[in-house]
Asks: 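Please read through the structure below; I'll follow up with questions.
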Amino acid sequence: MTNPTPTSPAPIRVRIAPSPTGDPHVGTAYIGLLNYIYAKQRGGQFVLRIEDTDQTRFVATSEQMIFDSLRWLGLTWDEGPDVGGPYGPYRQSERTEIYREYVKILLANGTAYRSYETPEELEAVRKAQLAAKLPPRYNGAHRELTPEQIAAYEAEGRAYVIRLKVPAEGETSFSDELRGEISFSHNNVDDQVLIKSDGYPTYHLANVVDDHLMHITDVIRAEEWISSTPKHILLYKAFGWDVPRFWHMPLLRNLDKSKISKRKNPVSLIYYRESGFLPPALLNFLGLMGGGMPAPTEKNDTAEIFTLEKMLAGFRFDKISLGGPVFDLTKLKWLNGEYLRALSPEAFFEAMRQTVFSDRYLQAIAPLVQTRIETLAQFGDLADFFFKDDVVPDQAVFLPKKRTLEETLAFAAELLTVIEATPFTVEDLEPALKQLGIDKEWSVKENFTLLRTVVTGKTASPPLLESMIVFGKARTLDRLRRFLDTQKKLANQKR
RNA sequence: GGCGUUAUGGUGUAACUGGUUAACACGUCGCCCUCUCAAGGCGAAGAGUCCGGGUUCGAGCCCCGGUAACGCUACCA
């Protein structure tokens with residue numbers, strides 16, 4: 001281990017701070033892995049903090065899924081909401097009082113101010129700026145309100161936000177450990193909202209306050225945060241605090257090089273677990289993203305295959321390559337195959353039992369087929385789609401008689417959107433899907449037949465919605481996505 | 001539009017502080033093995049390093065200028 005990291009007297013402490021807004025994300029696992037390695041290599045601590053400050057995007061089941069997925073991968077944390085620690089609470093929604101206290105310091109020393117505009121007013125300003133081809137920025141209208149103006153707004157009972165008062169002149173720069181000196185002119189740094197009108201902090205404030213209070217020494221996060229780093233630095237300075245080291249990692253990409261997204265890739269860790277990817281294989285693959293490990297040099301060199309232990313021993317942060325790596329499922333599958341083949345027959349059998357043929361899964365499927373078969377051997381005929389990675393329905397099967405391919409695919413895309421946005425229960429899905437049918441003038445039969453064929457590959461199946469629930473949201477959505485992809489490719493080939 | 005980051009085969013990476021013909025893996029194609037399909041073995045195609053200048057005996061690596069992609073540009077993270 002020859003990392004060029006300056007050895008700091010304080011123990012190394014890093015953190016990941018996922019938001020419970022949906023399924024746990026591969027990006028979280030990626031950044032989590034890097035943080036984990038960094039901490040373990042230096043005898044430091046790895047903290048898990050839940051950033052649940054956005055009430056509008058909060059998903060109740062999300063936090064537990066984050067815990068489960070990270071544990072599944074073996075990325076365990078030393079401090080966190082569920083295991084506690086000396087600097088808790090580790091859930092930001094439980095720390096709102098702390099932020100409110102700290103923001104008073106800023107208000108008192110003039111580095112923050114109250115701003116009384118309504119969201120509508122701000123939106124109007126933004127539109128005008130855009131129309132005038134100006135950069136959309138907060139216009140600073142409330143930076144210097146007189147006591148009378150403030151009193152007037154207060155008397156009106158207007159809600160306010162608290163904003164960071166970015167200096168009018170000069171610039172803020174910092175040294176990224178991976179990228180070197182980066183600087184931003186203050187002209188380009190907005191007066192960021194610190195406390196929203198609902199009293200919750202924004203990411204920026206909560207993040208800085210917590211990182212300081214939790215003694216975080218190294219902030220290892222994704223590249224998308226570079227632009228907001230000057231705001232964070234300004235905050236540290238406004239508080240008079242030391243600034244941690246920053247490491248901005250490259251962003252995982254889709255095949256088309258855009259930031260990895262659920263539209264174009266399975267990004268849910270739940271999907272990878274349910275599809276039978278092995279934790280060491282996923283970790284290994286993530287470790288390949290952006291380099292850091294010694295590269296293979298000779299023919300049939302297997303240096304690309306390594307365990308977490310090997311990463312702890314050999315991963316070099318100074319070897320990370322900064323171009324955004326494409327998350328290539330094809331190579332991940334090859335790697336996973338390597339791991340599967342390396343298993344002993346007993347271990348392989350066990351892996352099968354614990355995933356595709358788990359008691360839990362079979363128990364959920366059984367009642368759906370029991371009344372529909374006459375011999376047990378028919379189970380497979382009816383339930384095959386539960387055990388397949390993909391089903392590819394033929395056009396003759398999925399295309400309703402009175403519909404064109406084009407409108408059918410458009411409707412399938414709508415199905416995807418609705419299912420994605422609806423709580424994954426029969427009670428919620430059924431009305432939502434029926435409503436979509438009404439809106440688009442698709443009969444219930446056409447509607448459900450299309451969905452059935454895409455998800456199960458057949459025109460006859462156990463109850464569709466119940467089957468989808470058992471099959472799982474992540475994989476159901478993936479089938480819809482793959483269906484659309486496949487059909488799009490076929491259409492392109494014909495052209 | 002503004003700001004920032006990045007740039008090596010289709011994809012992931014390699015190439016010591018500038019030094020042979022740009023290497024390895026995935027993928028693709030072919031051959032072998034084989035009842036089939038995988039796996040495995042052997043082999044092939046595929047980049048002249050985003051473009052243009054410059055420095056140098058010599059540049060993927062250094063300098064200058066472009067371009068493109070991506071990210072940010074929210075009372076989301």
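Residue numbers start from 1 in every chain, and the chains themselves are labelled A, B, ... in the order their sequence lines are given, proteins ahead of strands.
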Asks: Do A/Trp247 and A/Tyr38 have their ring centres less than 6.0 Å from each other?
Replies: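 Centroid distance A/Trp247-A/Tyr38: below 6.0 Å, so yes.
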Asks: Out of B/A77, B/A25, B/U13, which has the shortest distance to the side chain of A/Lys331?
Replies: B/A25
Asks: Measure from the ring center of A/Trp77 to the ring center of A/Tyr90 and say whether it is less than 6.0 Å.
Replies: no
Asks: Under 6.0 Å from the ring centre and within 45 degrees of the ring axis: does the NZ or CZ of A/Arg114 meet both conditions for the six-membered ring of A/Tyr160?
Replies: yes
Asks: When you get a sec, tell me which of B/A77, B/G12, B/C24 is the closest nucleotide to the side chain of A/Val326?
Replies: B/G12
Asks: Are A/Tyr138 and A/Asp191 close enough that a side-chain donor and a side-chain acceptor fall under 3.5 Å?
Replies: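 The answer is no; no qualifying pair exists.
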Asks: Once hydrogens and angles are ignored, does a donor-acceptor distance under 3.5 Å link the base of B/C24 to the side chain of A/Thr297?
Replies: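 For A/Thr297, whose side chain was compared with the base of B/C24, there is no donor-acceptor pair (under 3.5 Å).
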Asks: Does the separation of the ring centres of A/Tyr87 and A/His215 fall below 6.0 angstrom?
Replies: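 Close enough - the centres of the two rings lie under 6.0 Å apart.
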Asks: Would you mind telling me which residue lines up with the more 5' stretch of RNA chain B, A/Leu288 or A/Asp198, judged by nearest nucleotide?
Replies: A/Leu288
Asks: Please work out which residues in residues 46-62 of chain A have a non-hydrogen atom less than 4.0 Å from an atom of RNA chain B and list them by number.
Replies: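 Contacts with RNA chain B under 4.0 Å: A/Glu51, A/Thr53, A/Asp54, A/Arg57.
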Asks: Could you go through residues 64-74 of chain A and list every donor-acceptor pair under 3.5 Å that involves a side-chain atom there, pairing it with any protein atom two or more places apart or in another chain?
Replies:
residue, atom, partner, partner atom, Å
A/Gln64, NE2, A/Asp68, OD1, 3.1
A/Ser69, OG, A/Met65, O, 2.7
A/Arg71, NH1, A/Asp82, OD2, 3.2
A/Arg71, NH2, A/Asp82, OD2, 2.6

Asks: Do A/Glu304 side-chain and B/G12 base share a donor-acceptor contact under 3.5 Å?
Replies: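 Indeed, a donor on one side and an acceptor on the other fall under 3.5 Å apart.
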Asks: Both A/Ser321 and A/Ser197 contact RNA chain B. Which one's nearest nucleotide lies toward the 5' end?
Replies: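 Counting from the 5' end, the first nearest nucleotide belongs to A/Ser321.
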Asks: Would you indicate which nucleotide in B/C72, B/A77, B/G27 comes nearest to any side-chain atom of A/Thr330?
Replies: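 Nearest to the side-chain atoms of A/Thr330, counting from C-beta on, is B/G27.
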Asks: Select one nucleotide: of B/G12, B/G2, B/U5, the one nearest the side-chain heavy atoms of A/Asn188.
Replies: B/G2
Asks: Using atom C1' in both nucleotides, what's the gap between B/U8 and B/A23 to the nearest angstrom?
Replies: 11 Å
Asks: For the side chain of A/Ser344 and the backbone of A/Ala347, is there at least one donor-acceptor N/O pair under 3.5 Å apart?
Replies: yes
Asks: In whole angstrom, give me the gap between the C1' atoms of B/C24 and B/G9.
Replies: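 13 Å, rounded to whole Å.
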Asks: Please determine whether side chain to side chain donor-acceptor pair (under 3.5 Å) holds for the pair A/Tyr339 and A/Asn284, giving the CA-CA distance in whole Å, both sets of side-chain angles, and the decisive distance to 0.1 Å.
Replies: CA-CA 10 Å; A/Tyr339 278 84; A/Asn284 187 158; 2.7 Å; yes
Asks: Of all the choices, B/U5, B/A15, B/A25, which nucleotide is nearest to the side chain of A/Ile182 once you look at every atom?
Replies: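 The nucleotide sitting nearest to the side chain is B/U5.
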Asks: Under 3.5 Å, is there an N or O donor on one side and an acceptor on the other linking the side chain of A/Lys299 and the base of B/A23?
Replies: no
Asks: In residues 253-286 of chain A, which residues come under 4.0 Å of RNA chain B by heavy atom?
Replies: A/Arg253, A/Lys257, A/Ser258, A/Lys259
Asks: Specify the separation, in whole Å, of atom CD of A/Glu117 and atom P of B/A74.
Replies: 14 Å
Asks: May I ask which nucleotide in the shown strands pairs with B/A69, Watson-Crick or G-U wobble, both distances under 3.5 Å?
Replies: B/U5
Asks: Of the candidate nucleotides B/A39, B/G71, B/U5, which contains the atom at the shortest distance from the side chain of A/Ser227?
Replies: B/G71
Asks: The side chain of A/Met289 lies closest to which of these nucleotides: B/G12, B/C75, B/U11?
Replies: B/G12
Asks: Indicate whether any N or O donor in one side chain lies under 3.5 Å from an N or O acceptor in the other, for A/Tyr99 and A/Thr53.
Replies: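 On atom types as modelled, these side chains do not qualify, holding no pair under 3.5 Å.
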Asks: Taking only the side-chain heavy atoms of A/Pro325 (C-beta and beyond), determine which of B/C24, B/C76, B/U13 contains the nearest atom.
Replies: B/U13
